[in-house]
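As the structure is a prediction and not an experimental result, all values here were calculated from the model. Chain identifiers are assigned alphabetically (A, B, ...) following the order of the sequence lines, protein sequences preceding nucleic acid strands; residue numbering begins at 1 within each chain. Just so you know, these numbers use all the heavy atoms, side chains as well, and skip hydrogens, waters and symmetry mates.
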Protein chains: 2
Amino acid sequence: MNKNKEIRSAGLKVTRARRAILRILESKESMHASADDIHRKLIESADEIGIATIYRVLNQFVSAGICIRHNFETGQSLYELTPEHHHDHMVCLTTGKVIEFEDEMIERRQEKVANQKGYRIVDHSLVLYVEPLEK
Amino acid sequence: MNKNKEIRSAGLKVTRARRAILRILESKESMHASADDIHRKLIESADEIGIATIYRVLNQFVSAGICIRHNFETGQSLYELTPEHHHDHMVCLTTGKVIEFEDEMIERRQEKVANQKGYRIVDHSLVLYVEPLEK
DNA sequence: TTGGGTGCAAATTGTTTGCAATTGT
DNA sequence: ACAATTGCAAACAATTTGCACCCAA
């Protein structure tokens with residue numbers, strides 16, 4: 001639960017870079033942040049970390065299960081602390097906002113469909129690209 | 001339906017490049033092809049087209065609705081002739097094979113979920129990353 | 001003829017890597 | 001102390017773009 005512990009139990013040293021990056025990912029406004037978003041946020045808080053290190057640490061965090069990588073159609077990858085409850089995403093094309101949602105029925109159907117074809121789901125990605133209703 | 005017509009009605013000139021690329025996309029083995037796959041296929045058939053042109057034409061085809069672009073987690077984009085019936089994809093992590101599937105119930109739930117949050121779906125992407133069951 | 005289309009090479013963008021210097025344990 | 005980590009710049013991969021030449025309408 002504690003930041004340092006989370007890093008350590010992934011077999012990684014607790015460094016300024018890792019702590020700083022984890023701090024950004026934990027902030028509400030920066031869940032779903034790109035490597036560059038994180039880089040900028042850190043510069044703002046006068047705590048710059050080299051962009052190469054950010055990419056390296058994010059990859060380590062993904063391997064360690066601390067965060068997950070999303071490949072939306074926005075060009076760059078977005079990172080999110082691994083949520084305890086799985087959920088999918090809606091990306092608003094007008095505002096760029098990312099909305100999380102969860103739907104049990106969809107999850108169940110996915111399993112069923114994969115099994116029918118003779119496969120087991122390892123991972124999946126469901127993204128709805130949306131626009132506000134009224135407008 | 002005819003190849004030339006499809007190109008022309010998109011407001012594009014019927015050129016060797018466009019015809020060749022469309023031909024590759026139409027072949028069963030090359031639905032879900034990357035720009036580079038197409039490039040290689042064309043070289044094989046002694047009908048090379050510059051890679052830059054391939055990218056340009058694919059973008060025009062996407063804009064014209066002739067084909068769609070998929071961004072699976074494989075690094076490059078894959079292109080597919082716009083299917084008349086919408087379907088989603090399963091990508092086998094073992095073989096790289098892309099399997100198409102369709103599920104009405106999932107589609108309906110997506111609409112419902114988006115509406116509940118106050119949005120209208122413009123597009124969506126559902127990809128199941130799978131492995132063969134027995135193994 | 002003539003404006004769109006093409007090839008080539010150079011430019012971009014997002015991300016990774018080699019290496020010397022630095023730091024956590 | 002010593003291996004792990006970092007920053008910087010160079011390397012990369014996928015895709016885009018500028019420009020001189022070419023070709024469909």
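Panel note: side chain A:Ser77, backbone A:Arg69; no donor-acceptor pair is recorded below 3.5 Å. With hydrogens and angles ignored, the 3.5 Å screen pairs a side-chain donor or acceptor of B:Arg18 with a backbone N or O of B:Lys13. Proximity of a side-chain donor or acceptor of A:Gln76 to a complementary backbone N or O of A:Thr74 within less than 3.5 Å is detected.
Taking side-chain N and O atoms only, A:Arg19 has no distance below 4.0 Å to OP1 or OP2 of D:dT5. Of the side-chain N and O atoms in A:Ser77, one or more sit less than 4.0 angstrom from OP1 or OP2 of C:dT15. In terms of phosphate contacts, A:Ser34 brings no side-chain nitrogen or oxygen within less than 4.0 Å of OP1 or OP2 of C:dG14. Contact check, B:Thr53 against C:dG7: a side-chain N or O comes under 4.0 Å of OP1 or OP2. Look at A:Thr15 and you'll find a side-chain N or O under 4.0 angstrom from OP1 or OP2 of D:dT6.
If you find the closest nucleotide of DNA chain D to B:Ala52 and to B:Arg8, the one lying nearer the 5' end belongs to B:Ala52. Judged by closest nucleotide on DNA chain D, A:Lys13 is the one of A:Lys13 and B:Gly75 placed further toward the 5' end.
For B:Asn59, the listed nucleotide lying nearest its side chain is D:dT16; candidates were C:dG5, D:dT5, D:dT16. Nearest to the side chain of A:Gln76, among C:dT15, D:dC8, C:dT6, sits C:dT15. Side chain of A:Tyr55, nearest nucleotide from D:dG7, D:dT5, C:dT15: C:dT15. Counting only heavy atoms from C-beta on, B:Arg56 has its side chain closest to C:dT6 among D:dA25, C:dT6, C:dT17.
Between the NE2 atom of B:His39 and the C1' atom of D:dT15 there is a distance of 14 Å, given to the nearest Å. Per the geometry, CD1 belonging to A:Ile54 stands 12 Å off C1' belonging to C:dT15, to the nearest Å. Counting to the nearest Å, the P atom of C:dG14 and the NE2 atom of A:His70 are 18 Å from each other. The CG-C1' distance, from A:Asp37 to C:dT15, rounds to 15 Å in whole Å. A:Arg16 has its CZ atom 9 Å from the P atom of C:dG24, to the nearest Å. At whole-Å resolution of the value, CD1 in B:Ile7 and C1' in D:dA25 are 15 Å apart. The distance between atom CD of A:Glu73 and atom C1' of C:dG14, rounded to the nearest whole Å, is 16 Å. Atoms CG (B:Asn4) and P (D:dA24) sit 12 Å apart, rounded to a whole Å.
Counting any heavy atom pair closer than 4.0 Å across all strands shown, A:Ala17 reaches sugar-phosphate atoms only and no base atom. Among the protein residues, A:Ile51 comes within range of no part of the nucleic acid, since none of its heavy atoms lies under 4.0 Å from any strand.
The pair B:Asp47-B:Arg23 meets the salt-bridge criterion, since a charged nitrogen lies less than 4.0 angstrom from a carboxylate oxygen. Ion pairing between a basic and an acidic side chain is recognised when a charged N comes within 4.0 Å of a carboxylate O; B:Asp37 and B:Lys41 show no such pairing.
B:Glu100 is linked by a side-chain contact (heavy atoms from CB on, under 4.5 Å) to B:Met31, B:His32, B:Glu80, B:His87, B:His89, counting only residues two or more places apart in sequence or in another chain.
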